[in-house]
Amino acid sequence: MKITHEIKESTIIITLDGELDASSSVILDEELSDPEIMKYSKILVDCKNLHYISSAGLGVFISHLQRFEDAQIKLIFFNMQDKVRNVFEILGLDLLMTIVSNYEEALTIADE
């Protein structure tokens, strides 16, 4: 798993590349736990190259969701592959988290 990020004003774009499993979820958790991330009002997660997500990977996002909501930080997933999106939908996480088709849509929703 490769995790990169790009900063654009009040937005951080996190790109996930590979498989988000138990071992790589620790790295993602460290990234999302960094106090610096709380200075952004929008966290956009690019899932274009995310090929697999385990329960541990899902757990990382779930564990940070309330903290982001309390701080009025928008967490938005985009470019999600169908097989990864199906995991979110089967577990009902698409009702708790914002998932959109592409970057432009993510920006539009983030600015609402």
Side-chain angles (χ1 to χ4, degrees):
M1 165 64 64
K2 182 178 177 186
I3 302 171
T4 56
H5 63 274
E6 177 183 354
I7 298 167
K8 294 184 177 182
E9 298 174 15
S10 64
T11 303
I12 184 166
I13 303 160
I14 298 173
T15 302
L16 304 178
D17 189 348
E19 297 183 353
L20 185 53
D21 55 18
S23 61
S24 58
S25 66
V26 173
I27 300 165
L28 177 62
D29 187 51
E30 289 173 0
E31 179 105 10
L32 296 178
S33 297
D34 186 337
E36 286 293 305
I37 204 160
M38 300 303 285
K39 70 180 183 181
Y40 302 102
S41 61
K42 297 164 251 181
I43 301 171
L44 307 183
V45 183
D46 186 350
C47 301
K48 180 179 181 180
N49 294 315
L50 178 64
H51 304 295
Y52 168 82
I53 188 165
S54 71
S55 58
L58 291 167
V60 169
F61 290 117
I62 293 168
S63 70
H64 291 280
L65 190 60
Q66 190 64 52
R67 182 171 64 108
F68 293 151
E69 286 180 4
D70 290 347
Q72 297 180 333
I73 297 171
K74 294 182 180 181
L75 176 65
I76 302 169
F77 298 84
F78 68 99
N79 286 340
M80 196 173 281
Q81 295 184 20
D82 288 342
K83 62 184 176 184
V84 173
R85 186 178 183 124
N86 286 341
V87 173
F88 278 77
E89 290 174 353
I90 288 168
L91 297 173
L93 297 176
D94 59 319
L95 303 174
L96 296 175
M97 300 179 188
T98 304
I99 303 170
V100 298
S101 299
N102 55 51
Y103 176 72
E104 293 76 21
E105 195 175 346
L107 283 179
T108 300
I109 288 179
D111 290 334
E112 290 179 348

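Quick caveat, the model's predicted, so the values are computed rather than measured. One-based numbering along the sequence shown.
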- Item | Which atom of His5 lies closest to which atom of Glu31, heavy atoms considered | ND1-OE2, 3.0 Å
- Item | Any side-chain heavy-atom pair of Ile37 and Ile73 under 4.5 Å | no
- Item | Minimum side-chain heavy-atom gap Leu44-Thr11 below 4.5 Å | yes
- Message: Determine whether a donor-acceptor pair (N or O, by modelled atom type, separation under 3.5 Å) exists between the side chain of His64 and the backbone of Ile62.
- Response: no
- Task: Look only at the side chain of Ser25 and the backbone of Ala22, and say whether a donor-acceptor pair between them is shorter than 3.5 Å.
- Result: yes
- Below 4.5 Å, heavy atoms only, C-beta onward: do Leu65 and Met97 meet side chain to side chain? yes
- Out of curiosity, does Leu75 fall in the hydrophobic cluster containing Ile109 (side-chain heavy atoms, cut-off under 4.5 Å, transitive links)? no
- Tracing side-chain links under 4.5 Å among I, L, V, M, F, W and Y, which residues wind up in one group with Val26? none
- Can you list the residues that meet the salt bridge (Lys or Arg N to Asp or Glu O under 4.0 Å) rule with Glu36, with sequence neighbours excluded? Lys39
- Query: If you draw a 6.0 Å radius around CG in Asp82, do more than 12 non-hydrogen atoms from other residues or ligands fall strictly inside?
  - Reply: no
- Query: Is a side-chain donor or acceptor of Glu19 paired with a backbone partner of Leu50 at a separation under 3.5 angstrom?
  - Reply: no
- Task: Spell out, yes or no, whether Ile43 and Phe61 are grouped together once hydrophobic residues are joined by side-chain heavy atoms under 4.5 Å, including indirect joins.
- Result: yes
- Message: Can you confirm whether Arg85 sits close enough to Ile99 that some side-chain heavy atom of one is under 4.5 Å from a side-chain heavy atom of the other?
- Response: yes
- First locate atom NZ of Lys42, then atom CG of Leu107, and finally report the distance between them rounded to the nearest 0.5 Å. 7.5 Å
- Task: Could you walk me through whether Asn102 and Asn79 pass side chain to side chain contact (heavy atoms under 4.5 Å, CB included), step by step?
- Result: CA-CA 5 Å; Asn102 55 51; Asn79 286 340; 4.1 Å; yes
- Considering all heavy atoms of both residues, which atom of Leu58 and which atom of Leu91 are nearest to each other, and what is their separation? CD1-CD1, 3.4 Å
- For Asp17 and Thr4, run side chain to side chain contact (heavy atoms under 4.5 Å, CB included): C-alpha distance rounded to whole Å, both residues' side-chain angles, the deciding distance at 0.1 Å, then the answer. CA-CA 8 Å; Asp17 189 348; Thr4 56; over 6 Å; no
- Query: Between CG of Asn86 and CE of Met80, what distance do you get to the nearest 0.5 Å?
  - Reply: 10.5 Å
- Heavy-atom closest pair (Cys47 atom, Phe77 atom, distance to 0.1 Å) is SG-CD2, 3.9 Å
- Query: Do Leu20 and Phe78 sit in the same hydrophobic cluster, where Ile, Leu, Val, Met, Phe, Trp and Tyr count as joined when their side-chain heavy atoms come under 4.5 Å apart?
  - Reply: no
- Message: Looking at every heavy atom in both Ile53 and Val84, which two are closest together, and how far apart are they?
- Response: CG2-CG1, 3.9 Å
- Message: Within a 6.0 Å radius of atom CD on Gln72, are there more than 12 heavy atoms belonging to other residues, nucleotides or ligands?
- Response: no
- Would you check, one step at a time, whether the test side chain to side chain contact (heavy atoms under 4.5 Å, CB included) holds for Ile3 with Leu16? CA-CA 5 Å; Ile3 302 171; Leu16 304 178; 3.9 Å; yes
- Message: Which heavy atom of Ser63 sits nearest to which heavy atom of Asp29, and what is that distance?
- Response: OG-OD1, 4.2 Å
- Check the pair Gln66 / Asp70 against side chain to side chain contact (heavy atoms under 4.5 Å, CB included), numbers first and verdict last. CA-CA 6 Å; Gln66 190 64 52; Asp70 290 347; 2.8 Å; yes
- Under 4.5 Å between side-chain heavy atoms, hopping through other hydrophobics if needed: is there a path connecting Leu32 to Met1? yes
- Linking I/L/V/M/F/W/Y whenever their side-chain heavy atoms sit closer than 4.5 Å, directly or via other members, would Met38 and Tyr40 fall into one cluster? yes
- Which residues share a salt bridge (Lys or Arg N to Asp or Glu O under 4.0 Å) with Glu105, sequence neighbours left out: none
